[in-house]
J.: 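Have a look at this one.
Positions are given from 1, in the same order as the sequence printed here.
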Amino acid sequence: MHAGPAPSTRSHIPTPSTASIGSPTTSRIPMFRRPNSTTPGKSSTPQALGKGTSPQGGGVRSASVDPERMSERGQVPPRPSSVRSHSSLKILRTGSEMGDIKEGSSPSNSAASSQFSFSDLTKLDFGSPEHGGPPPSGTAPPTSGDRDEVDLIVKELATASSSKLRGLALQSLLTFTREYPNKCNWDNNLTATMKPLLGLLDDEEPPTRTLALRVVREILKTQSSKMVVFSEPLTLKVVKSFADNDTSVSQAAEDIFSLLAPALPNESTLLLLIPMAAKEKYPMLLGVIKFLTKVVVLSKDEFLSQHLSALVPSVVKGYCHTESSVRKTSVFCLVAIHAVVGEKIREYLSKLTSSQIKLLDLYIKRHQGSNSDQ
C-alpha cells in the first residue's frame, strides 16, 4: 500500500487568549526531539518534555509517551487535542481543584491587569517544606508535628499585594480547610483568619469576594460554636453580599444562610434582622427575609411572640412588594412564623387582601401536610 505524504513536523501553536489576565502569553512552545527518534520513510511527532506539557503536531500523540506511567510519577498525561501553552495547561489541571467554584463564573476585564478570573488561579503550595512545589502524589495529610499551614496561608493573605495573590491564598485556604479540617488549629487561628476574611467581603474583585465566602462556609461546617463573637459583623456582611451585583458572590452568600443561622445566637440575630427587614430596599431586602426565615424556624414561641408586632408587619410589607421574588420569600417567612406561633399571627395580617390570605393559607396547609407526612 502506498503511504501518503509524511505530515509536517512543525505545528502551528495559536497565540493564547488574553482573557486570562496574569498568565504568561507565548506564541510558540519550544519543540523537543529525542535523539535518533526517527526512521527513514516515517515522520516523527515533536514531543514536549517535562511535567504538564503536551505533544504538538495537531494533537498526534507520540508512541513513546506512556500516560499510565506518567500518572504514576505524578505527571499529567498529554491531551490529544491540546495545543495550549505550558501556562494554559497548568490552568486546565488546576481548574478542577476549585471544588464548587466554576471556572469563568465571574467575567474579568482583560483591559485591566489588576483583574482576574477563577481560571487565572493555580494554587499556592504550602504542602512542601520549602514551598518548592506541590507535594508528591499520594502524600499523607499533615500531622500534628507539621507546621501550622493555616497560619502560613493567612500571613500570605495579609501581605498579598494584588488581587490575584489574594485569590491564590484564598484558594489554598479553601482547599486546606476542606481537605484537612482537623489540622487547621482553629483554637489559635480562627480570629486571625476571620478578620481578613470579613474585610475581603468588600474587595473590589468578585472572585475574591466569592472565595472569601466559600472559606467562611467551610469554617462554619466545623467551627459553628465559635462564631458567636463574629455574629453581628458576619450577619451584616453576608446579607450585604447576597445583594452583590455578581451572581457568584450572591449565590455564595445564600449558601451560607443555612449554616450561619444555627451558629449565631437566635434572639440577638432576630433583633438585628427585624429592623433591617423594615428599612432595607431590594435586593438586600430579599436577602434579609431569606435569612430571617432560616432564623425564625429555629426560634422559640415565647420569644418570637414578643416581637410579632415588629416582625410581621415588615414581612407583610415584603408580601406586597413589586418584586415577585420578594413576595414569594415573604410568604415562606410568614409560613415559618405561623409554624412557631400559630394563629397569633392573624391579628397582624389585616393589610393583606383576601386573595393574599387565601394564598398564605394554602402554603400553611401544605407546610402542615408535609410535616405530618414526616
J.: Return the CD1 to CG distance between I337 and L311, rounded to the nearest 0.5 Å.
T.: 4.0 Å
J.: Quick check for you: to the nearest 0.5 Å, what is the distance between L270 atom CG and L292 atom CG?
T.: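 CG of L292 is found 6.0 Å from CG of L270.
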J.: Under 6.0 Å between the ring centres of Y363 and H367?
T.: no
J.: In Å and rounded to the nearest 0.5 Å, what is the CG to OG1 distance from L201 to T208?
T.: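 Spacing of CG (L201) from OG1 (T208) equals 10.5 Å.
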J.: Applying the side-chain contact (heavy atoms from CB on, under 4.5 Å) criterion to T269, which one of I274, L264, L298 satisfies it?
T.: L264
J.: Is F176 close to V150 at the side-chain level, that is, under 4.5 Å between some pair of heavy atoms?
T.: yes
J.: Do P181 and K221 touch side chain to side chain, with heavy atoms closer than 4.5 Å?
T.: no
J.: Under the side-chain contact (heavy atoms from CB on, under 4.5 Å) rule, what do L197 and F230 come out as? Steps first, then yes or no, please.
T.: CA-CA 11 Å; L197 287 176; F230 308 105; over 6 Å; no
J.: Where do I219 and V216 land on the side-chain contact (heavy atoms from CB on, under 4.5 Å) test, with the steps shown first?
T.: CA-CA 5 Å; I219 296 175; V216 170; 5.6 Å; no
J.: May I ask you to check whether over 12 heavy atoms, not counting those of E232, lie within 6.0 Å of atom CD?
T.: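 Not buried by this count: 12 neighbours or fewer within 6.0 Å.
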J.: So do L168 and E156 actually touch side chain to side chain, heavy atoms under 4.5 Å?
T.: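 E156 does not reach L168 side chain to side chain.
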J.: Answer yes if F291 and L236 sit in the same cluster of Ile, Leu, Val, Met, Phe, Trp and Tyr residues linked by side chain heavy atoms under 4.5 Å apart, and no otherwise.
T.: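 Yes, because F291 and L236 connect within a single hydrophobic cluster, where side-chain heavy atoms sit under 4.5 Å apart.
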J.: Looking at every non-hydrogen atom in both residues, tell me the closest pair between I289 and S330 and how far apart they are.
T.: CD1-OG, 3.5 Å
J.: Distance from S241 atom OG to R209 atom CZ, nearest 0.5 Å?
T.: 7.5 Å
J.: D361 and K358: side-chain contact (heavy atoms from CB on, under 4.5 Å), yes or no, with the steps?
T.: CA-CA 5 Å; D361 288 339; K358 288 180 181 179; 5.7 Å; no
J.: Would the distance check show the side chain of N189 and the main-chain N or O of C184 forming a donor-acceptor pair, the cut-off being under 3.5 Å?
T.: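 Here the side-chain-to-backbone pair exists.
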J.: On a heavy-atom basis, which atom in K351 and which in Q356 lie closest, and how many Å separate them?
T.: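 Closest approach of K351 to Q356: O-OE1, 4.4 Å.
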J.: So which heavy atom on G318 is nearest to which on V326, and how close?
T.: O-CG1, 3.6 Å
J.: Please determine whether residues L220 and L198 belong to a single hydrophobic cluster, defined as Ile, Leu, Val, Met, Phe, Trp and Tyr linked transitively by side-chain heavy-atom distances below 4.5 Å.
T.: yes
J.: With a 4.5 Å heavy-atom cut-off, do S162 and L165 have their side chains touching?
T.: yes
J.: Decide if atom CD of E343 counts as having more than 12 heavy atoms of other residues, nucleotides or ligands within a radius under 6.0 Å.
T.: yes
J.: Minimum heavy-atom separation for L285 to E280, with atom names?
T.: CB-O, 3.7 Å
J.: Do K365 and Q368 have side-chain N/O donor and acceptor atoms under 3.5 Å apart?
T.: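 No, Q368 and K365 have no side-chain donor paired with an acceptor closer than 3.5 Å.
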J.: Are K294 and S258 packed together at the side-chain level, in the sense that at least one heavy-atom pair is separated by less than 4.5 angstrom?
T.: yes
J.: Can you check side-chain contact (heavy atoms from CB on, under 4.5 Å) on C333 and Y319, steps first, answer last?
T.: CA-CA 10 Å; C333 188; Y319 192 7; over 6 Å; no
J.: Please name the pair of heavy atoms, one in V249 and one in P206, separated by the smallest distance, quoted to 0.1 Å.
T.: CG2-O, 3.5 Å
J.: Could you tell me the separation between the OG atom of S224 and the CG atom of L260, rounded to the nearest 0.5 Å?
T.: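 Here the interatomic distance stands at 10.0 Å.
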J.: With a 3.5 Å distance limit and no angle check, can you tell me whether T177 reaches the backbone of L174 through a side-chain donor-acceptor pair?
T.: yes
J.: Using only heavy-atom distances, determine whether the side chains of S250 and D244 contain a donor-acceptor pair under 3.5 Å.
T.: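 There is no such pair between these side chains.
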J.: When the ring planes of H307 and F303 are compared, do they come out parallel, tilted or perpendicular, using 30° and 60° as the limits?
T.: tilted
J.: Where the side chain of S231 meets the backbone of V228, is there a donor-acceptor pair that is under 3.5 Å apart?
T.: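 The answer is yes, because a donor-acceptor pair under 3.5 Å joins these two groups.
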J.: Show the numbers, then the answer: is there a side chain to side chain donor-acceptor pair (under 3.5 Å) between R166 and S163?
T.: CA-CA 5 Å; R166 285 191 289 273; S163 294; 3.2 Å; yes
J.: Side-chain contact test, heavy atoms from C-beta onward, threshold under 4.5 Å: evaluate it for K300 versus E267 and give yes or no.
T.: no
J.: Between the side chains of E254 and K290, is the shortest nitrogen-to-carboxylate-oxygen separation below 4.0 Å, so that they form an ion pair?
T.: yes
J.: Hey, quick one: are L273 and V297 part of the same hydrophobic cluster, counting side-chain heavy atoms closer than 4.5 Å, chains of contacts allowed?
T.: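 No, no single cluster joins them.
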J.: Using atom types as modelled and distance alone, determine if a side-chain donor or acceptor of N266 lies under 3.5 Å from a backbone N or O of V295.
T.: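 Yes; at least one donor-acceptor contact below 3.5 Å.
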J.: In a check of side chain to side chain donor-acceptor pair (under 3.5 Å) between N185 and each of N188, N182, D187, which one passes?
T.: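 Exactly one option meets the side chain to side chain donor-acceptor pair (under 3.5 Å) with N185, and it is N188.
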J.: Tell me the closest heavy-atom pair linking V296 and V340, and the distance in Å.
T.: O-CG2, 3.5 Å
J.: Supply the atom-to-atom distance E323 CD to T329 OG1, rounded to the nearest 0.5 angstrom.
T.: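 Reported to 0.5 Å precision, the distance equals 11.0 Å.
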J.: Under the salt bridge (Lys or Arg N to Asp or Glu O under 4.0 Å) rule, what do D202 and K240 come out as? Steps first, then yes or no, please.
T.: CA-CA 9 Å; D202 294 322; K240 181 182 176 182; 3.5 Å; yes
J.: May I ask you to test the R214-D255 pair for a side-chain heavy-atom distance under 4.5 Å?
T.: yes
J.: Using a 6.0 Å cut-off, check whether atom NZ of K344 has over 12 heavy atoms from anything other than its own residue.
T.: yes
